S.K.: 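One structure, as structure tokens, below. Some questions next.
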Amino acid sequence: SPTQYCSAVLKGAASYDEVPGAIQSLLRKPIYDIAVAILKINDKAERNNALQQQPEKLRSVIESEVTRLWPRRQQLLKSQ
């Protein structure tokens, strides 16, 4: 089921790249939320640590989202 796929990816049991596009689409919001939570951390070392704690199979996707959002960091922090 889609929920099982999403859960498996978020827990690191399945790779983001291996699930169907529709499941990747469902995962965009949780990945965005994780990236924003990481961006809320002021200390660079702590941000890196938070990223390293993400499941290995999902880490590069979250890192890409953090990079995408970085220019808007201050705006995101004010709106959250």
Side-chain angles (χ1 to χ4, degrees):
S1 79
T3 303
Q4 290 172 323
Y5 271 123
C6 289
S7 180
V9 172
L10 291 171
K11 291 178 182 176
S15 172
Y16 177 85
D17 296 329
E18 295 172 357
V19 296
I23 302 303
Q24 290 179 2
S25 181
L26 289 172
L27 287 164
R28 285 190 186 123
K29 176 66 167 130
I31 289 168
Y32 171 86
D33 291 342
I34 293 167
V36 169
I38 290 171
L39 288 171
K40 284 180 153 185
I41 301 169
N42 287 324
D43 183 72
K44 183 178 180 178
E46 289 180 25
R47 280 194 307 271
N48 286 333
N49 185 45
L51 182 60
Q52 292 305 313
Q53 290 179 12
Q54 300 305 314
E56 185 177 348
K57 293 180 180 181
L58 189 59
R59 193 175 303 140
S60 66
V61 177
I62 295 170
E63 186 173 15
S64 294
E65 184 70 352
V66 167
T67 301
R68 184 184 77 82
L69 294 172
W70 182 259
R72 296 180 37 220
R73 179 174 184 248
Q74 292 305 319
Q75 179 185 355
L76 288 168
L77 295 179
K78 289 177 186 174
S79 67
Q80 298 270 326

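Remember, predicted model here, so these are calculated numbers, not experimental data.
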S.K.: What heavy-atom pair brings Q52 and R59 nearest, and what distance separates the two atoms?
M.R.: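 Looking at all heavy atoms of both residues, the shortest contact is O-NH2, 3.1 Å.
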S.K.: If you round to the nearest 0.5 Å, how far is CG of L10 from CD of Q54?
M.R.: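 Nearest 0.5 Å value for the CD-CG distance: 9.5 Å.
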S.K.: Determine yes or no for a side-chain-to-main-chain donor-acceptor pair under 3.5 angstrom, with Q24 supplying the side chain and Y16 the backbone.
M.R.: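 Answer holds: yes.
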S.K.: Using side-chain heavy atoms (C-beta onward) and a distance below 4.5 Å, is Y5 in contact with L27?
M.R.: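 Counting from C-beta outward, Y5 and L27 never come under 4.5 Å.
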S.K.: Taking all non-hydrogen atoms of both residues, which atom of R47 and which atom of I41 are closest, and how far apart?
M.R.: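 Here R47 and I41 meet closest at NH1-O, 3.0 Å.
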S.K.: From Q53 CD over to I34 CD1, what is the distance, rounded to the nearest 0.5 angstrom?
M.R.: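 The CD atom of Q53 sits 12.0 Å away from the CD1 atom of I34.
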S.K.: Please evaluate residues D43 and N49 with respect to the criterion side chain to side chain contact (heavy atoms under 4.5 Å, CB included), reporting the C-alpha separation (whole Å), side-chain torsions for both, the decisive distance (0.1 Å), and the verdict.
M.R.: CA-CA 10 Å; D43 183 72; N49 185 45; over 6 Å; no
S.K.: Using modelled atom types and a 3.5 Å cut-off, is there a donor and acceptor pairing between side-chain atoms of S25 and backbone atoms of G21?
M.R.: no
S.K.: Can you tell me how far CD of E56 sits from CG of L58, rounded to the nearest 0.5 angstrom?
M.R.: 11.0 Å
S.K.: To check you understand the geometry: which heavy-atom pair defines the closest contact between C6 and I23, and what is its length?
M.R.: SG-CG2, 4.0 Å
S.K.: Between CG of L39 and OG1 of T67, what distance do you get to the nearest 0.5 Å?
M.R.: 9.0 Å
S.K.: Is there a path of hydrophobic side-chain contacts, each under 4.5 Å between heavy atoms of I/L/V/M/F/W/Y residues, joining V36 to W70?
M.R.: yes
S.K.: CG/D33 to CD/E65 distance, rounded to the nearest 0.5 angstrom?
M.R.: 9.5 Å
S.K.: Looking only at heavy atoms, what is the nearest atom pair of P55 and G12, with distance?
M.R.: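 Nearest pair, atom of P55 first, then G12: CB-CA, 3.4 Å.
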S.K.: Donor-acceptor pair, S7 side chain versus T3 backbone, under 3.5 Å?
M.R.: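 No.
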